[in-house]
Asker: 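One structure, as structure tokens, below. Some questions next.
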Amino acid sequence: MNNPFEKVTVVGAGFLGTQIALLSAHSGYKVSIYDTKESAFEDTYNRLTTDFKNKKITPAIPWEKWDDLKKSITFSTDPAVALKDTDFAVEAVFEDLEIKRKVFKMMGENAPAQAIFASNSSSMPISRMEDASGRPEKCINTHFYLPLQGMYMTDLAGGSKTLPEIMEKGDAWIRSLGCVPLRVNKEILGFCFNSVWRAIKKQSLYMWGNGFVDFRDIDRAWRIFSKMPIGPFGFMDTVGLDVVYDIEMVYYNDSKDPKDKPPEALMQKIKNGELGVKTGKGFYTYPNPEFLGPDFLDPKKK
Ligand SMILES: NC(=O)c1ccc[n+]([C@@H]2O[C@H](COP(=O)([O-])OP(=O)(O)OC[C@H]3O[C@@H](n4cnc5c(N)ncnc54)[C@H](O)[C@@H]3O)[C@@H](O)[C@H]2O)c1
């Protein structure tokens, strides 16, 4: 399959931005990456490789290609450099509407007029950012899950003015990265699958945060039920508890329903610096979390 364009720029060199950049380079795109923090790309790359190796994950990109791909990606803290001649800019900065709107404005000022803009937001429809870009007809949501860890699916949604040909370019880009596009026909927070995952996450947090159960038992149940190697709390540690909190707040700010507010206990963990894999402690302790141990699902071990 031919790639639909040549150059991809990723804005935000965190956990997801770095994965999108590596996957794009692996699929033959010229890739640049921009972050306000000088060490962001290097730090995230090192954290990703360490975490994957600790968890014995076989990544979607073979290990022997990683270093060369990293070298092929141009990192810059100057948006004009990173966005020069780009065809497609995708932002993966913090899950905060005001920050994302500023980034869309910045992309509009620095990228060529024909460039397409995408958001990797986990929850917010593109219609909330599109006008800041100055080119709403070229804006889409492309929400990746954990593309290098085997979750090869991506939500794809348009905004209030997105042109059909821009949706098709987004579809072609997602497919060229080896991901399955999950197309959203009508605007909804959380898109196609994240809204489903969110229902599981919300109830799991509620059960733990209000003292009904130990979080480990929800993870045990989920793993026995689904045959997956990780439960909701282990997965939230992977995502980052600060990121989970921000996403939950998007739903709460939208509905103002107290049942949508993340539990205080989650905020307490964040205040303690327990953000999950990235800080070495979240619900579990890393690099050797209890759920990877041989006893975790053994009924004979108490
Ligand atoms: N963590 C996940 O598993 C996951 C999965 C899917 C989608 N997402 C979404 O992807 C986005 C990023 O999440 P993440 O986990 O990669 O976050 P992260 O905290 O790992 O990285 C965010 C990066 O954005 C940079 N940044 C912040 N403001 C910036 C700005 N104005 N300009 C340039 N760079 C800026 C930060 O320095 C940081 O490097 C969020 O919208 C999140 O909801 C996250």
Side-chain angles (χ1 to χ4, degrees), residues 9-23 32-48 51-52 57 75-83 89-111 117-126 128-129 132 141-157 174 179 182 189-195 197-198 201 230 232-251 262 270 273 275-279 282:
T9 300
V10 179
V11 176
F15 186 53
L16 254 289
T18 296
Q19 295 192 57
I20 297 169
L22 286 165
L23 201 59
S32 61
I33 188 160
Y34 161 74
D35 201 291
T36 44
K37 190 176 159 204
E38 182 74 50
S39 65
F41 184 43
E42 190 71 30
D43 291 349
T44 311
Y45 181 88
N46 292 336
R47 187 154 48 82
L48 264 184
D51 183 45
F52 283 16
I57 288 168
F75 175 82
S76 178
T77 52
D78 181 343
V81 171
L83 288 157
V90 53
E91 70 77 19
V93 302
F94 303 134
E95 188 78 348
D96 176 303
L97 182 59
E98 281 322 302
I99 296 177
K100 286 193 187 293
R101 285 184 60 81
K102 281 187 189 139
V103 163
F104 268 75
K105 182 169 184 292
M106 176 281 287
M107 295 195 304
E109 288 163 356
N110 288 282
F117 293 166
S119 170
N120 188 54
S121 169
S122 298
S123 56
M124 291 180 269
I126 193 71
R128 299 186 183 185
M129 310 150 215
N141 286 105
T142 55
H143 167 249
F144 288 81
Y145 289 76
L146 301 179
L148 296 186
Q149 301 185 41
M151 287 194 189
Y152 59 100
M153 58 187 184
T154 308
D155 291 309
L156 170 64
I174 291 166
C179 294
L182 309 173
L189 259 67
F191 323 113
C192 173
F193 188 69
N194 233 21
S195 60
W197 152 242
R198 195 264 163 169
K201 183 177 48 171
I230 192 165
F233 289 93
F235 191 69
M236 284 189 256
D237 272 355
T238 305
V239 168
L241 300 189
D242 51 341
V243 178
V244 168
Y245 186 87
D246 288 347
I247 296 168
E248 292 306 294
M249 284 305 288
V250 171
Y251 289 94
I270 293 165
L275 305 184
V277 175
K278 62 179 138 186
T279 57

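Nothing fancy with the numbering, it's 1 onward along the sequence. As the structure lists them, so they are numbered: ligands from 1, and atoms in each ligand from 1. No experiment lies behind these values; they were computed from the predicted model shown.
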Asker: First locate atom CD1 of I230, then atom CG of D237, and finally report the distance between them rounded to the nearest 0.5 Å.
Answerer: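 These two atoms lie 8.0 Å from each other.
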
Asker: How far is atom 21 (O) of ligand 1 from the closest protein heavy atom, and which atom is that?
Answerer: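 Ranked first by proximity to atom 21 (O) of ligand 1 is G14 CA, 3.2 Å.
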
Asker: Is there a donor-acceptor contact under 3.5 Å linking the side chains of T154 and T142?
Answerer: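 Distance-only check fails for T154 and T142.
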
Asker: Whether D242 and K278 form a salt bridge (side-chain N of Lys/Arg under 4.0 Å from carboxylate O of Asp/Glu) is what I want to check.
Answerer: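 Result for this pair is yes, salt bridge flagged.
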
Asker: Tell me which one of V243, V244, D242 gets a heavy atom nearest to atom 17 (O) of ligand 1.
Answerer: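 Looking at heavy atoms only, the winner is V243.
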
Asker: Non-hydrogen atoms of S121 versus ligand 1: any pair closer than 4.0 Å?
Answerer: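 Yes, S121 has a heavy atom closer than 4.0 Å to ligand 1.
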
Asker: Starting from atom 42 (C) of ligand 1, locate the nearest protein heavy atom and write down its residue, its atom name and how far away it is, to 0.1 Å.
Answerer: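 Its nearest protein heavy-atom neighbour is S122 OG, 3.4 Å.
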
Asker: What are the atoms of ligand 1, with element, lying closer than 4.0 Å to any heavy atom of H143?
Answerer: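 Heavy-atom distances to H143 below 4.0 Å select 6 (C), 7 (C).
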
Asker: Please tell me if the side chains of K102 and D96 come closer than 4.5 Å, counting only heavy atoms from C-beta onward.
Answerer: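 A side-chain contact under 4.5 Å is absent here.
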
Asker: Relative to ligand 1, is T238 under 4.0 angstrom through side chain, backbone, both or neither, heavy atoms considered?
Answerer: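 Looking at T238 and ligand 1, no heavy atom falls under 4.0 Å.
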
Asker: Anything under 30° is parallel, anything over 60° is perpendicular, the rest tilted; go ahead and classify F75 against F41.
Answerer: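 Rings of F75 and F41: parallel, under 30°.
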
Asker: Please write down residue, atom name and distance for the protein heavy atom closest to atom 33 (C) of ligand 1.
Answerer: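 Atom 33 (C) of ligand 1 sits closest to the protein heavy atom Y34 CE2, 3.5 Å.
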
Asker: Considering only non-hydrogen protein atoms, determine which one is nearest to atom 25 (C) of ligand 1 and report residue, atom name and distance to 0.1 Å.
Answerer: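 The answer is D35 OD2, 3.1 Å.
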
Asker: Do other residues, nucleotides or ligands put more than 12 heavy atoms under 6.0 Å from the OH atom of Y251?
Answerer: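 Above 12, so yes.
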
Asker: Nearest protein heavy atom to atom 11 (C) of ligand 1, by residue and atom, and its distance?
Answerer: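 Of every protein heavy atom, V93 O, 3.2 Å lies nearest to atom 11 (C) of ligand 1.
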
Asker: How far is atom 1 (N) of ligand 1 from its nearest protein heavy atom, and which residue and atom is that?
Answerer: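 Protein heavy atom with the smallest distance to atom 1 (N) of ligand 1: V239 O, 3.0 Å.
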
Asker: On a heavy-atom basis, which atom in D155 and which in F193 lie closest, and how many Å separate them?
Answerer: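 Residues D155 and F193, closest heavy atoms: OD1-N, 3.3 Å.
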
Asker: At what distance is the nearest protein heavy atom to atom 6 (C) of ligand 1, and which residue and atom is it?
Answerer: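 Its nearest protein heavy-atom neighbour is F144 O, 3.0 Å.
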
Asker: Could you tell me the residue and atom name of the protein heavy atom closest to atom 10 (O) of ligand 1, and the distance to it rounded to 0.1 Å?
Answerer: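 Scanning the protein heavy atoms, the shortest distance from atom 10 (O) of ligand 1 goes to N120 ND2, 3.0 Å.
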
Asker: Side chain or backbone of K102 under 4.0 Å from ligand 1, or both, or neither, by non-hydrogen atoms?
Answerer: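 Within the 4.0 Å criterion, K102 makes no contact with ligand 1.
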
Asker: Using a strict cut-off of 4.0 Å, indicate which atoms of ligand 1 neighbour a heavy atom of G12.
Answerer: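 Checking each atom against G12, I get 24 (O), 34 (N).
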
Asker: Is it the case that the side chains of D78 and Y34 hold a donor-acceptor pair, with the cut-off being a distance below 3.5 Å and no angle test?
Answerer: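 Their side chains do not contain a donor-acceptor pair, so the 3.5 Å distance test is not met.
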
Asker: Heavy-atom distances under 4.0 Å are what count here, so tell me which part of L146 touches ligand 1: side chain, backbone, both or neither.
Answerer: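 Only the side chain of L146 comes within reach of ligand 1.
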
Asker: Can you check whether E248 reaches K201 side chain to side chain, under 4.5 Å on heavy atoms?
Answerer: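 A side-chain contact exists here, since the closest heavy-atom pair is under 4.5 Å.
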
Asker: Taking atom types as modelled, find out whether E95 and S122 have a side-chain donor-acceptor pair closer than 3.5 angstrom.
Answerer: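 Their side chains do not contain a donor-acceptor pair, so the 3.5 Å distance test is not met.
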
Asker: For L16 and ligand 1, does the shortest N/O to N/O distance drop below 3.5 Å?
Answerer: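 Yes, since at least one N or O of L16 sits under 3.5 Å from an N or O of ligand 1.
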
Asker: List the atom of L23, the atom of C179, and the distance in Å for their closest heavy-atom pair.
Answerer: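 Closest pair (atom of L23, atom of C179, distance): CD2-SG, 4.2 Å.
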
Asker: Below 4.0 Å from ligand 1: does a non-hydrogen atom of K100 turn up there or not?
Answerer: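 Yes, K100 has a heavy atom closer than 4.0 Å to ligand 1.
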
